[in-house]
Structure formats: structure tokens, C-alpha cells
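The residues of the chain are indexed from 1 along the displayed sequence. Only this structure's heavy atoms are used, side chains among them; waters, hydrogens and symmetry mates stay out.
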Amino acid sequence: MTVHNSDEDAPARTHRADLLAAGAVVALVLAAIAGTLWWNDGRQLGPGSFGGAPADFGEWPLLGFFHPHIGPGTVPAVLLAVAVVVLGPGLAERLPWRAALAAAYGTAVAWTMALALVDGWRFGFTKRLTGGTEYLHEVPGITDVGVMLRTFADRIVDFQPDSWTTHVSGHPPGATLVFVWLDRIGLGGGTAASVVCVLAGAAAVVAVPVTLAALGHRDTARAALPFLVLFPGAVWVGVSADALFMGVTATGVALLAVGATRGRVLPCVAAGVLLGFGIFLSYGLVLMGAVALAVIVVTRNWRALGSAVVGALAVTGAFAAAGFWWFDGYGNVVIRYYQGIAADRPFEFWVWANLACLALATGPVVGPGLRRAALAWRRVPGLVAVVAGAAVAVAAADLSGMSKAEVERIWLPFAIWLVAAAALVPVRARRWWLLAQAATALAVNHLMLTNW
């Protein structure tokens with residue numbers, strides 16, 4: 001009779017479990033691709049379900065076109081991926097903490113830019129935010145910010161002469177105001193807007209580990225750094241306004257964690273200001289409250305929550321005083337949402353296909369990461385709490401019916417927190433998982449011509 005050593009068998013069992021979890025993520029993506037083909041073949045997704053794209057669109061659930069290509073960013077992206085896979089884990093452990101964060105930020109910016117430039121300088125970067133449906137399209141016509149805010153909600157509903165363009169109407173006025181302010185200080189146009197979005201989005205690569213470190217898990221934060229740098233969602237960070245949203249809200253959570261653990265009021269108020277401004281960037285970012293609340297639950301610092309609420313209410317009050325009431329805007333955006341292609345996107349398909357789009361933004365490591373997070377509450381409660389908060393936010397957004405397709409971009413603010421769970425994979429397997437993450441981003445960017 002063969003006697004098995006349970007200590008020797010445990011790593012093998014957990015390795016198989018990790019592979020099965022990643023396999024489930026891959027299977028979900030393949031099912032969504034197959035589902036897209038099946039639904040489109042029967043025209044059951046409805047005309048314009050993918051944004052009015054031509055008939056050759058729809059082989060993937062992502063918003064874009066199947067178009068294998070290379071570009072000026074291809075070689076730099078591959079080289080950066082190899083460098084992070086080979087050197088990233090070691091440098092994340094050895095570098096001084098601030099140097100590690102700085103290196104992660106710079107590399108994340110370079111990774112995002114390289115991916116964007118796979119599609120070329122103009123199409124991949126400078127012109128991404130200048131289309132007729134984007135925020136910059138409306139900026140020249142906004143000559144009075146006060147009037148814009150007072151009349152903003154009235155112009156959301158479609159089929160009227162002064163209706164806002166798609167992205168402006170689909171978001172609160174804060175998103176448009178950012179680009180108006182940039183224009184006012186001399187940073188107008190697509191290039192400056194894209195640079196700001198990329199730089200702000202990369203801030204999340206610092207904010208997430210800062211949060212984990214503040215919650216008492218600096219070693220875990222270091223382990224997460226290379227995975228955050230090679231975030232597959234960087235495909236959409238470069239360039240979409242949702243990258244800006246991700247950076248703002250992640251920084252808000254990081255400030256809350258620092259303030260709550262150190263007993264400082266000012267960082268908590270600043271956190272509330274950023275998170276409060278977040279809900280005026282995108283209505284769905286009210287769900288970031290789940291991640292913020294997770295920080296409070298772990299730290300048990302309810303005074304910090306009160307300070308953050310003060311900051312958030314100050315932002316809300318400022319917008320209300322200027323003439324925009326959040327609930328009026330949200331009520332009208334629901335109407336606008338179903339005036340467009342959302343009416344042709346069946347909930348019963350996208351309620352699960354959304355998760356496949358999210359999986360392409362988080363990469364296959366999210367499977368083993370979440371599996372391990374579910375078992376690690378006692379060991380790394382802070383990490384598990386913020387990951388759980390992000391998962392709750394995703395579930396709420398998905399079940400709301402207000403997120404049908406395009407979530408590979410829209411859910412970036414939640415996705416970056418899910419990727420943090422990759423810190424829990426074993427040291428000996430990290431380079432392999434990093435390779436899988438990089439391969440996911442490179443495959444998507446080179447096989448698809450995405451809208452963002």
C-alpha cells in the first residue's frame with residue numbers, strides 16, 4: 001500500500017486547483033465568443049447590439065473588430081512584458097518601498113503606452129478621445145460652465161436638438177468638466193487628454209499596493225506589484241476616460257486606508273473628496289463605496305468613514321449648488337441608456353458575457369487569485385476585504401442591467417482591485433502567471449482593433 005505524504009501532496013493539489021480556476025476563466029471567455037457567434041447568427045442580439053458595427057464584427061464579445069495587426073508599440077510591449085516577467089518579482093521584493101512604487105508606476109505608464117501604440121500614434125493614442133461620441137467633441141461648445149451645469153440633466157435624454165453626445169450624456173458632468181478644465185489651462189485636444197488619462201490611470205498601480213500596505217500587508221502588496229503593472233486592462237487604460245476614473249477612485253481608497261490606519265483626518269476627508277468626485281465622473285462609481293467600506297470594516301475606524309462622508313458631501317453640495325442634482329441626472333441617463341443600443345442588448349446574454357469581458361481585462365490569474373482569496377481571510381484580511389468589495393461592486397453593476405457590453409472598459413475601476421488577489425499565487429508560479437497575464441494583453445491588442 002502506498003502512503004501519501006499530505007504535506008507533499010498539498011502543493012500539487014493547490015496547483016491543480018489554480019489551473020482549474022484559470023481554466024474556468026478561459027472557458028467563460030470561449031463560451032462568450034461562441035455565444036456571440038450563435039446569437040449574432042440568429043440575429044437574436046438585435047441590430048446594432050454591438051454599437052452599429054458592420055457584419056464582420058461580433059466574433060468576440062469585446063467592442064471592436066477582429067483585425068490581426070502589429071504596430072510601433074509591438075516590440076516595446078513584448079520587451080517590457082519579458083522584463084517584468086523575468087525581473088519584476090525580484091525587484092518588487094528587493095527595492096526600497098518608495099522606489100518599488102515609483103518603478104511600478106513608470107513601468108505601468110510605459111506598458112500602457114506601448115499597448116496603445118500597437119494601433120499607431122494617431123488611431124491608438126491621439127485620436128481616441130476626439131470622436132463624435134466623446135467628451136472632447138462637446139468641449140468647444142461649453143463657454144459657460146455654470147450654464148452647462150444648470151442645464152446638464154435636461155440635455156441627457158436623446159432625440160432633442162441640444163442633446164449631449166453619447167459619452168457626455170451617459171456620465172455626470174464631472175467627466176466632461178475635467179476635459180473642459182484641461183482645455184482652459186491650455187491642455188486642450190486629444191493628445192493632452194490621452195496623456196492625462198494614461199498618467200491618472202497608472203496611479204491605480206500605486207494606489208492599490210499603498211492600500212494593502214496601509215492595511216498591514218506590505219509583503220502582499222509587493223507581490224501584487226508586477227501583476228498590477230502587467231494589468232491586461234491597460235489595453236483600455238490607453239486610452240479611455242475610464243482610466244482617469246480608475247485612478248481617481250483608487251487614489252481615494254488609498255487615502256482612506258492611510259488615514260484610517262494612522263488616525264489622520266485630512267487624508268480621510270481628501271479620500272471623500274476624490275470618491276465623491278468619482279460619482280460625478282461615472283454614475284456606476286457609486287459602487288466603489290463597497291471597496292471603501294471594506295477598508296473601514298478592516299480598520300474598524302468609523303470616524304474615518306465620517307470624515308470621508310464629509311468630503312463626499314462637500315463635493316455633492318458643490319454640484320447641487322451649481323445646479324446639478326445627481327439623482328436627476330441618473331434618472332435621465334436610464335432613459336437615455338434604453339433609447340440607444342442597450343435596448344438591443346439582451347440581459348440574459350450579457351449578464352454572463354459581461355464577466356467574460358471583465359476576465360479579458362483582469363487576465364486568467366483572476367481565477368486562482370479569487371480562489372485563494374476566498375480561503376485567506378484570516379491571513380490577509382485587508383486584501384480579501386477590498387477584493388470582496390470589488391466583487392460586490394461588479395455583481396451589483398452586472399445585475400443592474402445598466403452594464404451590457406463594453407465592461408472591459410467601464411469596469412476598469414473594479415478590475416484593478418480584483419487583480420490584486422494575484423499576490424496570493426505561490427512564489428514559484430508567479431512568473432508563469434505573469435506570462436499568462438502579459439500574453440492576454442498582447443493577444444487582445446494584436447488580434448483586436450478595439451474602440452478604446
Handout entry: Leu281 CG to Met246 CE distance, which is reported to the nearest 0.5 Å
Key = 13.0 Å

Handout entry: Main-chain N/O of Ser403 paired to Asn354 side chain as donor or acceptor, under 3.5 Å
Key = yes

Exercise for the section: Determine yes or no for a side-chain-to-main-chain donor-acceptor pair under 3.5 angstrom, with Ser282 supplying the side chain and Gly278 the backbone. Expected result: no

Problem - Polar side-chain atom of Glu406 near backbone of Leu63 as donor-acceptor pair, under 3.5 Å - result: no

Fill in the blank from the handout: Output for pair (Leu177 CG, Trp181 CH2), nearest 0.5 Å, gives 5.0 Å

Exercise for the section: Return yes if some donor-acceptor pair links the side-chain N/O of Arg155 with the main-chain N/O of Asp162 below 3.5 Å, else return no. Expected result: yes

Exercise for the section: Kindly determine whether Phe349 and Trp352 satisfy ring-ring contact (aromatic ring centres under 6.0 Å, His included), including the steps that lead there. Expected result: CA-CA 6 Å; Phe349 176 78; Trp352 63 270; 5.4 Å; yes

Problem - Verdict with reasoning, Glu134 to Phe179, per side chain to side chain contact (heavy atoms under 4.5 Å, CB included) - result: CA-CA 11 Å; Glu134 287 284 353; Phe179 298 106; over 6 Å; no

Handout entry: Side-chain donor or acceptor of Arg128 paired with backbone N/O of Phe123 under 3.5 Å
Key = yes

Handout entry: Gap separating the OG1 atom of Thr440 from the CG atom of Asn445, nearest 0.5 angstrom
Key = 12.0 Å

Problem - Ser194 side chain vs Thr191 backbone, donor-acceptor pair below 3.5 Å - result: no

Problem - Arg264 side chain vs Gly259 backbone, donor-acceptor pair below 3.5 Å - result: no

Exercise for the section: Quick one: pull up OG1 in Thr299 and CZ in Arg262 and give me the separation to the nearest 0.5 Å. Expected result: 13.5 Å

Problem - Short side-chain to backbone donor-acceptor contact, Arg222 and Leu95, under 3.5 Å - result: yes

Completion exercise
Output for pair (Asp158 CG, Thr165 OG1), nearest 0.5 Å, gives 9.5 Å

Problem - Nearest-0.5 Å distance that lies between atom CH2 in Trp452 and atom CZ in Arg409 - result: 4.0 Å

Practice task
Take the angle between the ring planes of His167 and His171 and call it parallel below 30°, perpendicular above 60°, tilted in between.
Solution key: parallel

Practice task
Would you check if the side chain of Ser240 reaches a backbone N or O of Val237 as a donor-acceptor pair within less than 3.5 Å?
Solution key: no

